[in-house]
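For reference, positions follow the sequence shown, starting with 1. Quick caveat, the model's predicted, so the values are computed rather than measured.
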Amino acid sequence: MSYYIGLDNGGTATKAALFDETGAQLAVCSVATSSQTPRPDFVERDMEEVWRANCAVLRGVLKDAGIPAQAVASVGVCGHGKGLYLWGKDGAPVRPAISSTDNRAHEYVRAWRADGTERRAFALSCQHVMSCQPVALLAWLKDHEPQAYANIAHVFECKDYLRFRLTGEARAELTDYSGSGLMNLHTKKFDPELLALFGIEEVGGALPPLCSSVEVAGVVSEEAAAQTGLVAGTPVIGGFFDIDACALASGVVTGDLVCMIAGTWSINEYIRDAPVLDGSVAMNSLFCLPGTYLIEESSATSAGNNEWFIRQLLPEVAQEAKSAGKSVYEVVNDWVAEVGPHCFVPTFLPFLMGSNAHQNARGTFVGLDVSHDRRHLARSVYEGITFCHRQHLDRLLASRKDAPRAIRLSGGAARSEVWSQLFADVMQLPVQTVLADEAGALGCAIAGAVATGRYASMEEAVERMVGVGRTFSPNEALRDTYERKYAVYQKAVACLDGLWDDMEALAGEADHASQAGGAMA
C-alpha cells in the first residue's frame with residue numbers, strides 16, 4: 001500500500017492529511033493559522049511561523065497515522081492563491097507574507113481600471129485585477145517599501161514558498177501563477193508586457209521556473225527532513241492553488257459540474273476547454289488537466305464570516321456546547337433550522353474580509369429590530385453567505401450554454417445539512433456534498449498518486465480516490481421565498497454602494513490618529 005500526504009494552507013488553518021491509494025483519509029493534523037492586521041486593510045503572516053506550522057502538522061500526521069515515514073510515496077502542497085510570499089536575496093523572508101484577504105492595494109486597482117491598464121492586461125492575462133493579486137501588491141511594495149522590493153530573489157505564492165522550504169528548489173506551479181496577473185494565459189508563460197503594464201518590470205528575474213501540478217518538482221531536503229520527520233529524498237509534487245485541489249477532490253474533471261467551496265473565500269468554478277474572454281467572469285486560470293481552464297468567480301465572503309460570528313458573538317455558547325460534549329456548530333445549525341426560511345431576518349452582507357461588490361464594502365446587518373436575537377442573526381449569516389455565492393453563480397451561468405447537472409459543495413457549509421439544503425434551495429440546483437473532510441489535501445494526494453505512477457491519469461485517480469456524499473434536491477416550494485430574499489439582498493448591496501468610500505475615509509482617519517497617538521506615547 002502506498003501513502004500520500006497533502007498539506008493545505010488555508011485562511012484559518014494549516015493542515016496535513018495522510019491518505020492511502022483508495023483515497024481513504026488515515027490521519028489529519030491541524031493548527032490554527034495566525035494573521036496580523038497592523039492597519040485596516042492589511043493582513044499579514046510571519047513566513048517563518050507559517051513554515052514552522054507546516055513542520056508541526058507533518059510531524060503530527062506521521063505520528064497519528066502510525067506509519068513509517070519511509071512509506072510516504074509523495075508530498076503535495078496546496079494553499080490559498082493570490083497574496084504574496086517573498087524570499088530575499090539575503091536568504092530569508094523579505095518581509096511578512098501578505099494574505100489573500102489583504103486590501104492595501106485597492107487604489108492601484110481603481111487607477112488601473114480608470115486609465116485602461118486593466119483592459120489592456122485582460123487581453124493577455126484573461127482576468128480582472130484584484131487588490132490581493134501579486135501584481136497589485138508588488139506595485140504597492142515598489143512605491144511604499146522600496147528596500148524590500150529591491151531585496152526580492154523569488155516571488156512566491158503560498159504553497160510554492162512552502163515547497164521551496166521543503167526542497168530548496170524555487171518553482172512556480174501553473175495553476176497558482178496563472179491566477180496571479182503575471183502570466184499570459186494564451187502563451188502559458190510569464191509575460192514582460194504584463195509586468196511593464198503594471199510598472200513592475202524589475203521582478204521579471206525573480207519569477208521562478210514554471211512546473212505543473214503533477215510534476216515531481218523536487219525532493220525533501222536533508223534540512224527539511226530533520227524539521228518535518230519526512231525522509232530526505234521523498235518526492236514533492238508541484239501542487240495546486242487550493243481551489244484546483246478542491247475541485248479535483250470534488251470529482252470535477254468535466255464541465256457539467258460546478259464546484260463551490262465555502263471557506264474563508266467563496267469559490268465558485270467550473271472547467272472548460274477555453275477561457276471566457278468577454279470579461280463577464282472575474283477569473284480565468286489554467287486547470288491541472290491539460291487543455292482545460294478553470295472559470296472562476298470568487299471573493300473573501302464565505303464561511304469565514306460565520307467563524308467571526310461564532311468567535312465574537314457566541315463565545316459563551318461555544319463554551320457551553322463544549323462542556324456539554326457538543327459542537328457550537330451543531331447549536332448554530334439547530335438555531336438556523338428553528339428560525340426557518342419564512343421568518344423575517346436581517347439581510348447580512350458577508351463583507352467582513354472582502355467583497356464582491358464595492359472594493360471598500362464592509363460587513364453589515366440591514367433590517368435589525370428589537371424582535372431579533374442571535375438565532376435570527378445566525379440565519380442571516382447563513383443566508384447572506386449563500387446569497388453571495390448565488391451572485392457568483394449567476395455570473396458563471398451567464399458564461400455557459402447549459403445549466404450544470406449539480407453543484408459539488410465542500411468547505412464549512414458542506415458539513416451542515418441545513419446549510420447544504422439552503423444552498424440547494426437558493427441555487428435551485430442539486431447540491432452534492434464531498435465526502436473528503438480535507439478536500440485540498442486529498443487533491444494533493446490524487447496528484448501525488450499520478451506523479452509517482454500509481455495511476456496513469458488524473459481521471460483514473462479521481463475515479464479510484466474520490467467519494468461523493470449526500471445529494472440535496474432543491475425545494476421548489478421555497479423558490480419564490482428565496483428569490484424575494486435574494487432580490488432584497490441585491491438591493492441592499494446596491495443601495496449602500498455610495499456609502500463605502502466615505503466610511504473608508506473615516507477608517508483611514510481613525511487609523512492615522514491611532515498611529516499618531518501611539519507615536520506620541
Rounded at 0.5 Å granularity, tell me how far CD1 in Ile243 sits from CD1 in Ile267.
5.0 Å
Strictly by modelled atom types, are Trp265 and Thr301 linked by a side-chain donor-acceptor pair under 3.5 Å?
no
Quick check: closest heavy atoms across Ala507 and Arg362, and the distance to 0.1 Å?
CB-NH2, 3.4 Å
Hey, are Gln127 and Gln133 close enough side-chain-wise for a donor-acceptor pair under 3.5 Å?
yes
Atom CG of Asn284 and atom CG of Leu277: how far apart are they, to the nearest 0.5 Å?
6.5 Å
Applying side-chain contact (heavy atoms from CB on, under 4.5 Å), can you list everything that pairs with Glu118, at least two apart in sequence or on another chain?
Arg113, His128, Val129
To the nearest 0.5 Å, tell me how far Gln359 CD sits from Asp41 CG.
9.5 Å
For Lys189, is the NZ atom crowded, meaning more than 12 foreign heavy atoms sit under 6.0 Å from it?
no
After noting the C-alpha distance and the side-chain angles of Arg390 and Glu483, does the key distance pass the salt bridge (charged side-chain N to carboxylate O under 4.0 Å, His left out) rule?
CA-CA 11 Å; Arg390 166 71 185 272; Glu483 287 297 323; 3.1 Å; yes
Between Tyr161 and Trp51, ring centroids under 6.0 Å:
no
Is Glu307 reaching over with its side chain to a backbone N or O of Gly304, donor-acceptor style, under 3.5 angstrom?
no
Rounded to the nearest 0.5 angstrom, the OH-NZ distance for Tyr108 and Lys142 is 10.0 Å
Tell me every residue that passes side-chain contact (heavy atoms from CB on, under 4.5 Å) with Cys78, counting only those two or more places apart in sequence or in another chain.
Asp8, Phe240, Asp242, Ala245, Cys444
Within 45° cone of Phe42 ring axis and under 6.0 Å: Arg104 NZ or CZ:
yes
Side-chain atoms of residues 495-502: list all donor-acceptor pairs with protein atoms under 3.5 Å, sequence neighbours left out, distances to 0.1 Å.
unit_1 : atom_1 : unit_2 : atom_2 : d
Trp500 : NE1    : Leu496 : O      : 3.2
Asp501 : OD1    : Arg110 : NH2    : 3.4
Asp501 : OD1    : His358 : NE2    : 3.3
Asp501 : OD1    : Asn360 : ND2    : 3.1

Leu162 vs Tyr85, test: side-chain contact (heavy atoms from CB on, under 4.5 Å). Steps then yes/no.
CA-CA 10 Å; Leu162 292 164; Tyr85 290 68; over 6 Å; no
Would you call the rings of Phe348 and Phe365 parallel, tilted or perpendicular, taking 30° and 60° as the class edges?
tilted
Can you sort out the partners of Val253 under side-chain contact (heavy atoms from CB on, under 4.5 Å), two or more places apart, ordered by chain and number?
Leu248, Leu289, Val462
Charged N to carboxylate O below 4.0 Å: is that the case for Glu173 and Arg163?
no
Please determine, by modelled atom types, if Asn356 and Gln391 share a side-chain donor-acceptor pair under 3.5 angstrom.
yes
Does the ring centre of Trp87 sit less than 6.0 Å away from the ring centre of Phe164?
yes
Is there a donor-acceptor pair closer than 3.5 Å between any side-chain N or O of Thr37 and the backbone N or O of Arg39?
no
Judged by modelled atom types alone, do Tyr149 and Glu202 share a side-chain donor-acceptor pair under 3.5 Å?
yes
Evaluate the side-chain proximity of Leu194 to Ser125: yes if any heavy-atom separation is below 4.5 Å, no if none is.
yes
Identify the heavy atoms of Tyr489 and Cys388 that sit nearest to each other, and give their distance.
OH-CB, 3.5 Å
If you round to the nearest 0.5 Å, how far is CG of Leu84 from OG of Ser100?
12.0 Å
Given side chains that start at C-beta, do those of Thr292 and Asp273 come closer than 4.5 Å, heavy atoms only?
no
Ser99 and His80 side chains, donor-acceptor separation under 3.5 Å:
no
Which value, rounded to the nearest 0.5 Å, describes the distance between Tyr177 atom OH and Leu210 atom CG?
9.0 Å
Does atom CD of Gln147 have more than 12 heavy-atom neighbours from other groups under 6.0 Å away?
no
Should we say atom CG of Asp115 is surrounded by more than 12 heavy atoms from elsewhere, each under 6.0 Å from it?
yes
Got Asn9 and Val77 here, is their nearest side-chain heavy-atom distance under 4.5 Å?
yes
Would a line drawn from the ring center of Tyr293 to the ring center of Phe287 be shorter than 6.0 Å?
no
With a 4.0 Å cut-off on N to O distance, would you call Arg165 and Glu48 a salt bridge?
yes
Pi-cation contact, Tyr270 with Arg400 (under 6.0 Å, within 45°)
yes
Donor-acceptor pair between Ser266 and Ser299 side chains, under 3.5 angstrom:
no
Quick one: do the Asp394 and Tyr486 side chains pair a donor with an acceptor below 3.5 Å?
yes
I need the minimum non-hydrogen distance between Val466 and Ala249, along with the two atoms involved.
CG1-O, 3.3 Å
Any chance you could lay out the side-chain contact (heavy atoms from CB on, under 4.5 Å) test for His154 and Leu86, step after step, and finish with the verdict?
CA-CA 6 Å; His154 301 304; Leu86 299 173; over 6 Å; no
Distance-only polar pair, side chains of Ser180 and Glu157, donor-acceptor under 3.5 Å:
no
What about Phe387 and His392, are their ring centers closer than 6.0 Å?
no
Look at Lys159 together with Asp176 and state whether they make a salt bridge at an N to O cut-off of under 4.0 Å.
yes
Taken in chain and number order and not counting sequence neighbours, the residues that satisfy side-chain contact (heavy atoms from CB on, under 4.5 Å) with Ala153 are Lys89
What residue pairs, at least two apart or across chains, pass salt bridge (Lys or Arg N to Asp or Glu O under 4.0 Å) with a residue in residues 287-298?
Lys82-Glu296, Glu297-Arg395
